[in-house]
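Below is one structure; the comments refer to it alone.
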Amino acid sequence: MAAAKPTLTDSLSFCLAQLTAAAGEGLGGGKDTATNETPLGRALLALRTRHVKAAGGIERFRARGGLRPLLALLRRAAAAGPAPSQAGAGSAPSSVEPATSAGPAPSPGPTPSAAAASAPSPPARLRKTLDLALSILANCCTEGACRAEVRRLGGILPLVTILQCVKTDSIQNRTARALGNLAMEPESCGDIHSAGAVPLLVESLTACQDSQCLQSVVRALRNLADSPQHRLALAQQGAVRPLAELLAAAPDPALTLALVRALLELSRGCSRACAEQLSLGGGLGPLVSLASHPKKAVREAAILILANLCAQGLVRPALGNAGGVEVLLGELRRRRGPNGAGPASQQPLVRAVCLLCREAINRARLRDAGGLELLMGLLRDPRASAWHPRVVAALVGFLYDTGALGRLQALGLVPLLAGQLCGDAGDEEEEGREAASWDFPEERTPERAEAGSFRSLRSWLISEGYAAGPGDISPDWSPERCPPPPPPPEPAEPTSPTLGPTSLRTPRTLRTPGRSPAATSEEPWGREGPALLLLSRFSQAPDPSGALVTGSALCGLLAYVTGSPGPPSPRALRILARLTCNPACLEAFVRSYGAALLRAWLVLGVAPDDWPTLRARPARRQHRELGVSPIRGEMLLQNLTVQAESPFGVGALTHLLLSGSPEDRVACALTLPFICRKPSLWRRLLLDQGGLRLLLSALTRPAPHPLFLFFAADSLSCLQGLVSPTAIPALLSPVPLDLDSPSPCLYEPLLGPAPILAPDLHFLLDSGLRLPARRAASATASPFFRALLAGSFAEAQMDLVPLRGLSPSAARPILHHLHGCRGCGAALGPIPPPGQPLLGSEAEEALEAAGRFLLPGLEEELEEAVSRIHLGPHGGPESVGEHERRPSRSYRQRLMREWSSAPGQRAEDAGVRRPGHSWSMRPAEGEQPRASGTWPGLAFQS
């Protein structure tokens with residue numbers, strides 16, 4: 001077979017010469033375009049079919065300078081095309097109208113309309129030339145070097161002009177394809193946006209009927225969405241709604257794939273305009289249907305579009321109505337399965353599911369579709385730790401859904417939340433305002449007209465150069481929007497002719513005894529805020545003991561309270577207080593060693609896990625390192641004490657100690673010294689009913705708790721403190737009160753006309769005497785004064801606090817004791833001399849006040865001083881009867897110790913007998929006889 005005869009068009013040089021000649025004729029003018037139509041057509045056809053498609057052909061075409069005449073030919077064709085219709089909303093901006101400004105100016109010749117009238121069929125010749133030239137240009141723009149040169153030569157504006165002027169589907173198709181290829185370069189993409197191509201492409205979506213043309217236009221829009229700014233510009237120019245309408249029309253598979261790919265790109269960082277247009281275009285239903293498409297690319301693109309749309313609250317309810325909740329949950333469940341994808345592919349779905357929890361209607365769907373179990377699985381997965389804060393914040397949406405909370409508690413949410421408090425997970429990613437719950441949509445009110453004076457002021461500021469433009473001046477500066485100035489404060493004493501600084505200051509005693517300014521401000525919402533809010537909701541249940549009063553939950557709360565970098569959230573302390581005040585939690589605190597944990601963390605300032613290394617440190621250093629105030633722990637233990645000493649608590653503790661399991665009985669015996677302060681109660685439970693025997697015997701067996709030895713040592717130490725040291729004369733010798741060498745007085749710096757320490761508080765007695773004091777020291781020394789001065793009573797805001805029923809001599813020992821004086825001699829002030837009666841004296845008043853103000857140390861100091869003065873060598877036997885009437889058991893034991901060395905007849909005269917080697921009291925009339933001996937003897941005998 002003979003070889004094909006070579007033709008002129010086989011030569012690239014011939015084709016380039018024809019192309020250059022055609023461009024030159026358009027520039028130079030004078031020749032009729034009909035004479036060179038056939039050679040130009042053959043050259044363009046050869047360039048498209050042979051030269052450009054050959055291997056390395058595009059690079060050769062560019063290197064030989066073929067792009068410049070090709071672009072010149074397009075400019076000529078654009079200028080010769082039919083004039084566009086009247087400009088409308090979708091027309092290109094004015095910068096595009098002089099399309100030939102980017103290249104050499106066309107020669108003066110016949111106008112496009114005249115050329116069209118003289119030529120036999122100009123539209124057909126123009127369409128054929130444009131088809132071939134645009135096809136060559138689109139093929140060349142598939143390579144980066146050609147795209148850069150086309151941009152340098154100004155080839156974007158001619159394409160936009162052709163897109164505007166020639167409304168033929170084939171021309172629109174090839175022009176959109178060329179623009180789509182050029183948009184792959186970020187610089188060219190910006191130029192296409194600036195040239196006004198987006199409205200023209202949007203117009204083509206509604207005008208074109210050809211599927212290939214629509215695919216090219218859709219691809220061009222997708223490539224133009226290369227940045228958040230460009231995506232927002234596309235949405236604001238109405239590019240999303242036509243795409244959604246085309247998708248709702250059930251197009252062919254190829255166009256469907258192009259549409260979902262374009263919508264996926266446009267919905268990245270979904271803007272409000274994008275979500276509104278996609279919803280108004282009816283695209284939500286088709287997207288949900290495409291989530292089950294057999295083609296993987298279409299299916300995954302549709303699912304990711306739904307996930308992106310969840311960033312806009314306004315579309316989430318409609319998305320849930322269309323079935324998007326079930327689709328997203330099913331896909332996330334599939335990807336988390338054994339054959340699923342990695343964590344990176346799950347991230348947008350996790351975010352979408354968490355955002356769906358912000359609306360009540362979607363929460364109900366999510367709960368019914370098994371979403372709670374899926375979210376709990378994410379919380380348990382250590383590989384998903386980066387998403388844990390987002391998941392916890394999403395679960396806050398179920399705060400008032402009782403059924404969902406019960407399900408979450410059954411799934412083990414509380415221990416996971418406690419672990420979140422001190423975990424290393426990052427902060428939750430901030431979402432924009434548009435992602436807020438649509439259950440409470442923001443109201444859009446029409447802006448009021450600006451006041452004339454404000455417009456004048458704005459014009460003057462701009463003219464004088466104080467503002468660059470109207471946007472620099474907020475409309476909130478308008479006089480119509482400015483709130484009225486607050487009224488001037490009224491003087492405290494208007495009748496005074498001269499007002500000094502002190503008369504203008506409102507005294508603290510006049511302040512309303514409500515919340516302090518710090519309390520009324522919003523609590524800090526840190527990383528732990530959502531977890532604490534959920535734990536607080538769980539703690540408000542009638543019986544939260546099963547979930548919150550466990551070792552792991554308590555350790556998490558206590559670790560947060562003591563180990564947070566800054567001040568812990570008050571909500572955590574309120575949770576602990578609520579639990580300790582709930583009678584239903586008492587048994588759980590006993591079983592879980594909760595009281596021992598509270599005492600270890602908050603009172604001793606020692607983390608139980610680290611106690612072997614911390615027990616040698618000073619107590620102050622431990623509290624400083626853990627950020628703990630012992631007052632918090634004492635208050636919580638006091639709450640448990642109130643529950644334990646109530647009739648219900650006594651019954652519960654007795655049942656646990658006598659009828660509980662072996663582990664419960666040991667835990668009860670260990671906890672009793674922490675929460676039982678009544679001697680009759682802890683003696684009955686520990687001594688009479690064998691609680692102490694259980695605790696001591698448990699020390700010889702395997703520990704029932706990892707920290708049992710630490711807790712047991714602390715429990716025995718606390719039990720030792722419950723028993724007065726004077727109750728053990730054989731083991732502990734009493735500490736004598738040295739009356740000749742008093743300790744330094746710590747209250748003295750507050751006294752005198754010029755005190756060394758400035759008092760911030762005064763106590764007002766019935767006699768009118770004002771005694772200075774320090775608020776912090778007084779609140780720390782006694783639970784009574786802590787509640788009075790640092791609680792929610794009105795006295796917490798007063799500078800002058802009344803103390804009723806106290807004489808000055810009885811009040812002074814109390815003030816000295818509140819400020820840390822121990823043995824300074826102030827306790828001797830109200831005590832009468834030997835021989836004078838004690839009944840009705842100021843000493844009795846001081847003892848009664850010490851008990852009333854919960855100052856056992858002062859009470860013991862006063863009793864010690866009274867016994868030394870009135871029961872010593874100078875006191876007579878008749879004074880013993882008065883002392884025996886004191887209700888304090890420790891005082892009676894001190895009385896016995898003081899008289900144990902006296903002659904036997906004095907003891908007999910006073911009603912005290914010596915049975916063997918230990919002293920005991922005769923039972924008074926009507927009083928039950930008490931066992932003789934001390935608690936260690938009874939314990940070890942048992």
Shortest non-hydrogen separation from [X] to [Y] and the atoms involved:
X      : Y      : answer
Arg786 : Met635 : NE-CG, 3.7 Å
Ile675 : Ala595 : CG2-CB, 3.9 Å
Leu858 : His817 : N-CE1, 3.3 Å
Ser592 : Leu597 : O-CD1, 4.3 Å
Ala572 : Val561 : CB-CG2, 3.9 Å
Ala796 : Gly791 : CB-O, 3.4 Å

Quiz item: Which residue pairs satisfy the side chain to side chain donor-acceptor pair (under 3.5 Å) criterion with at least one member in residues 645-654, sequence neighbours excluded?
Solution: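 Passing the test, one end in residues 645-654: no pairs.
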If only atom types and distance count, is the side chain of [X] paired as donor or acceptor with the main-chain N or O of [Y] below 3.5 Å?
X      : Y      : answer
Tyr593 : Leu670 : no
Tyr560 : Ser569 : yes
Arg537 : Leu399 : yes
Asn639 : Cys581 : no
Arg775 : Leu789 : yes
His819 : Ala777 : no
Thr580 : Leu576 : yes
Ser536 : Leu533 : no

Self-check item: Greater than 12 external heavy atoms within 6.0 Å of Arg852's CZ
Solution: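 Count over threshold, so yes.
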Quiz item: Under 3.5 Å, is there a donor-acceptor pair linking the side chains of Glu845 and Ser807?
Solution: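 On atom types as modelled, these side chains qualify, holding a pair under 3.5 Å.
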Exercise. Using only heavy-atom distances, determine whether the side chains of His816 and Arg822 contain a donor-acceptor pair under 3.5 Å.
Key: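 Side chains of His816 and Arg822: no pair found under 3.5 Å.
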[X] versus [Y]: any side-chain heavy-atom pair under 4.5 Å?
X      : Y      : answer
Trp682 : Leu653 : no
Pro544 : Cys585 : yes
Phe853 : Ile814 : yes
Leu847 : Glu859 : yes
Arg804 : Asp766 : yes
Arg574 : Arg571 : yes
Leu535 : Leu421 : yes
Gln643 : Phe648 : no

Distance (rounded to the nearest 0.5 Å) between [X] [atom1] and [Y] [atom2]:
X      : Y      : atom1 : atom2 : value
Leu657 : Leu672 : CG    : CG    : 6.5 Å
Leu803 : Glu795 : CG    : CD    : 9.5 Å
Leu815 : Ser778 : CG    : OG    : 7.0 Å
Leu854 : Gln638 : CG    : CD    : 8.0 Å
Leu692 : Leu716 : CG    : CG    : 7.0 Å
Leu579 : Ser545 : CG    : OG    : 9.0 Å

Quiz item: Taking the inter-plane angle between the rings of Phe785 and Phe763 on a 0 to 90° scale, is it parallel (under 30°), tilted (30 to 60°) or perpendicular (over 60°)?
Solution: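 Taking Phe763 first and then Phe785, their aromatic rings stand perpendicular (interplane angle over 60°).
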Quiz prompt | Val603/Glu634 under side chain to side chain contact (heavy atoms under 4.5 Å, CB included): CA gap, chis, key distance, verdict | solution = CA-CA 7 Å; Val603 179; Glu634 293 289 354; 3.6 Å; yes
Self-check item: Residues Tyr747, Leu771; criterion side chain to side chain contact (heavy atoms under 4.5 Å, CB included); working and verdict
Solution: CA-CA 11 Å; Tyr747 183 61; Leu771 297 178; 4.0 Å; yes
Practice problem: Using a strict cut-off of less than 4.0 Å between a Lys/Arg side-chain nitrogen and an Asp/Glu carboxylate oxygen, indicate whether Arg599 and Asp714 qualify as a salt bridge. | Solution: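 Yes, this pair counts.
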Quiz item: Should Arg684 and Val650 be marked as a side chain to side chain contact (heavy atoms under 4.5 Å, CB included) after you check the CA-CA gap, both sets of side-chain angles, and the distance that decides it?
Solution: CA-CA 11 Å; Arg684 175 162 62 87; Val650 172; 3.4 Å; yes
Exercise. Begin from the C-alpha positions of Leu855 and Leu818 and carry the test side chain to side chain contact (heavy atoms under 4.5 Å, CB included) through to its verdict.
Key: CA-CA 9 Å; Leu855 296 171; Leu818 289 179; 4.0 Å; yes
